[in-house]
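Here it is: the structure, laid out below.
What's counted below: heavy atoms across the whole structure, side chains too, no hydrogens, waters or symmetry copies. As the structure lists them, so they are numbered: ligands from 1, and atoms in each ligand from 1.
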Amino acid sequence: MTDQSSNQMWGGRFAAGPDAIMEAINASIGFDQRMAAQDIAGSRAHAAMLAATGVISDSDAQAIREGLLTVLSEIQSGTFQFSTALEDIHMNVEARLKEIIGEPAGRLHTGRSRNDQVATDFKLWVRDQLDAAENGLLALIRALLAQAEAGAEWVMPGFTHLQAAQPVTWGHHMMAYVEMFGRDLSRVRDARTRMNESPLGAAALAGTSFPIDRQMTAEALGFDRPAANSLDAVSDRDFALEFLSTASICAVHLSRFAEELVIWSSAQFRFVTLSDRFSTGSSIMPQKKNPDAAELIRAKVGRIYGANTALMMVMKGLPLAYSKDMQEDKEQVFDAADNWMLALAAMEGMVKDMTANRESLAAAAGSGFSTATDLADWLVRVLGLPFRDAHHVTGSLVALAEGKGCDLPDLTLVDMQSVHADITENVFSVLTVDNSVNSRQSYGGTAPDQVRAQIERWKAMV
Ligand code: ARG
């Protein structure tokens, strides 16, 4: 006889129950209850398969499948009593099933183990999150496309080193982020395709002697096929790592955009006005309107990439197959997923609501000698100067304008000719910002025609 206090699921060989500290470090029910729906879906598929292959009776399978639905509704309605002594979601569900349907519950675990069960549950959970991320990215991309379309030809400064470099268009800048989030979208889709193999039926590590049908459970759970190696199936957490690395790269993109919104919404820039709905006030400075959502999105990469690093370290050097270390996978992924989805939704909301200040953008676009490259290109094209010489002549003209406290278009022809005698009146035609952006017709360039072509290409895809 075993001690009454030993574990009812695996306590057969134990004379005493676990120490309270052992129970505390061992239990995952505090967090893995988030996988209850996936756990029950996996068990229902497994039970149906066990009956179809004659491993258990149809009536037992039916009792199990119906009982599991009762358990699910108890969990969803909040009446389920989770027990730390039962360690995890798998044993909590099975123990409750036993209370509801009695003896047939004990047949559910035939031909499987918690090792393939947890891998299956977690994969189903991560797969749902990839689908949510796909939807979040699509919504954000559509919001960016609407901004790009509204301001395809609005001029603004383009920066390198955060110094005014060359004028660009608002639409072009928005479309740069469409490209980034578009790559995130393709990473999400890739990851989903690669991870969609079922671990169920790998059992503890070696497969099982029962005549199970892994194809059947894989299909029932929406997997493309069963995973082909049972050792790998129970010890693989690549899908979680890919989820986290995909989330991390996307969070980097979100943080870069968030940083630009913080800068652009400042009184010194005034490039955009964020909506009241996505801003906050200060409790001491009545005039303030702070871009808190953007700042928090900027920060999210810290915890998301932190989760990625943490799980990489957990998995590093683990021998095959399952080790309990792997229980440390879930909290990282849950937290990263929650924050990724929130950041995507907040960014979409901010982008939808924000107003680009066309006049401020245009005023800034012309300052800082932003058409100097256009001037150098004119010297090459019209006067036939080698580019290096044209660069030098333009540098002298910039210095001259700087000395006079004016911009390049404000120099006189006499000023220009004092630096290079062959310059003609025609040079002034290339010094306007509109001319500058309109001339950049190379594929992927900032000219409004090019930007509109890219908007159309994207609209056909999303
Ligand atoms: N709670 C465990 C986890 O999350 C489930 C698998 C436990 N397997 C075992 N052999 N102890 O990893």
Side-chain angles (χ1 to χ4, degrees), residues 6-14 17-43 45-46 68 71 75 80 82-97 106 108-129 195 198-208 217 221 227 229-241 243-244 307 310-337:
S6 70
N7 190 293
Q8 59 175 288
M9 294 293 172
W10 46 249
R13 63 161 293 176
F14 286 77
D19 188 270
I21 299 292
M22 178 62 214
E23 198 169 283
I25 195 172
N26 199 34
S28 54
I29 189 61
F31 48 89
D32 69 12
Q33 53 184 270
R34 285 189 71 168
M35 307 190 306
Q38 289 78 12
D39 190 73
I40 286 169
S43 289
H46 185 68
L68 284 168
V71 176
I75 292 173
F80 191 95
F82 290 106
S83 150
T84 310
L86 289 165
E87 287 183 31
D88 54 29
I89 187 61
H90 324 296
M91 299 205 297
N92 268 269
V93 168
E94 194 186 315
R96 179 68 187 128
L97 182 67
L108 170 60
H109 213 51
T110 316
R112 77 168 185 190
S113 140
R114 274 189 295 158
N115 297 347
D116 57 336
Q117 194 179 355
V118 72
T120 304
D121 295 3
F122 196 31
K123 263 197 173 180
L124 292 172
W125 196 91
V126 168
R127 196 177 69 184
D128 285 349
Q129 296 299 309
M195 65 102 79
S198 174
L200 194 57
L205 75 166
T208 174
T217 47
L221 296 169
N229 182 296
S230 61
L231 286 167
D232 176 52
V234 293
S235 54
D236 166 37
R237 290 295 180 274
D238 288 5
F239 61 95
L241 291 171
F243 176 80
L244 292 174
L311 187 55
M312 285 279 186
M313 291 305 101
V314 167
M315 296 307 297
K316 177 196 169 292
L318 284 186
L320 301 186
Y322 178 86
S323 295
K324 196 64 175 256
D325 307 51
M326 291 163 69
Q327 180 167 285
E328 293 286 318
D329 56 1
K330 284 174 272 304
E331 284 166 293
Q332 302 295 342
V333 171
F334 292 164
D335 186 73

* Asked: If you measure from CZ on R127 to CZ on F243, what distance do you get to the nearest 0.5 Å?
  -> 14.0 Å
* Structure fact -> Filtering M91, K330, E328, Q117 for the heavy atom nearest atom 4 (O) of ligand 1 leaves K330
* Asked: Tell me: protein heavy atom nearest atom 7 (C) of ligand 1, and distance?
  -> Y322 OH, 3.5 Å
* What protein heavy atom is closest to atom 11 (N) of ligand 1, reported as residue, atom name and distance in Å? -> R114 NH2, 3.5 Å
* Please confirm whether R96 makes a cation-pi placement over F80, using NZ or CZ under 6.0 Å from the six-membered ring centre and within 45° of the ring normal. => no
* To do: Rounded to the nearest 0.5 Å, what's the gap from CE on M35 to CZ on F334? Could you check?
  => 5.5 Å
* Asked: What's the shortest distance from atom 5 (C) of ligand 1 to any protein heavy atom, and which residue and atom give it?
  -> D88 OD2, 3.5 Å
* Structure fact -> The closest protein heavy-atom partner of atom 1 (N) of ligand 1 is Q327 OE1, 2.7 Å
* Indicate whether any N or O donor in one side chain lies under 3.5 Å from an N or O acceptor in the other, for Q38 and D128. => yes
* Structure fact -> atom 8 (N) of ligand 1 has as its nearest protein heavy atom N115 OD1, 3.0 Å
* Structure fact -> In ligand 1, the atoms that come under 4.0 Å of a heavy atom of V118 are 3 (C), 4 (O), 5 (C), 6 (C)
* Below 4.0 angstrom from a heavy atom of S28, which ligand 1 atoms are there? Numbered from 1 as shown, please. => 1 (N)
* Quick one: does ligand 1 sit under 4.0 Å from the side chain of E87, the backbone, both or neither, non-hydrogen atoms only? -> neither
* Asked: Nearest heavy-atom pair of S43 and R112: which atoms, and what distance?
  -> OG-NH1, 2.9 Å
* To do: Within a distance under 4.0 Å of any heavy atom of H90, pick out the atoms of ligand 1 and give their elements.
  => 5 (C)
* Any pair with a residue in residues 310-322 that passes salt bridge (charged side-chain N to carboxylate O under 4.0 Å, His left out), sequence neighbours left out, goes on the list, sorted by first then second residue, please. => none
* Examine distances only and state if a side-chain atom of H90 and a backbone atom of S113 form a donor-acceptor pair shorter than 3.5 Å. => no
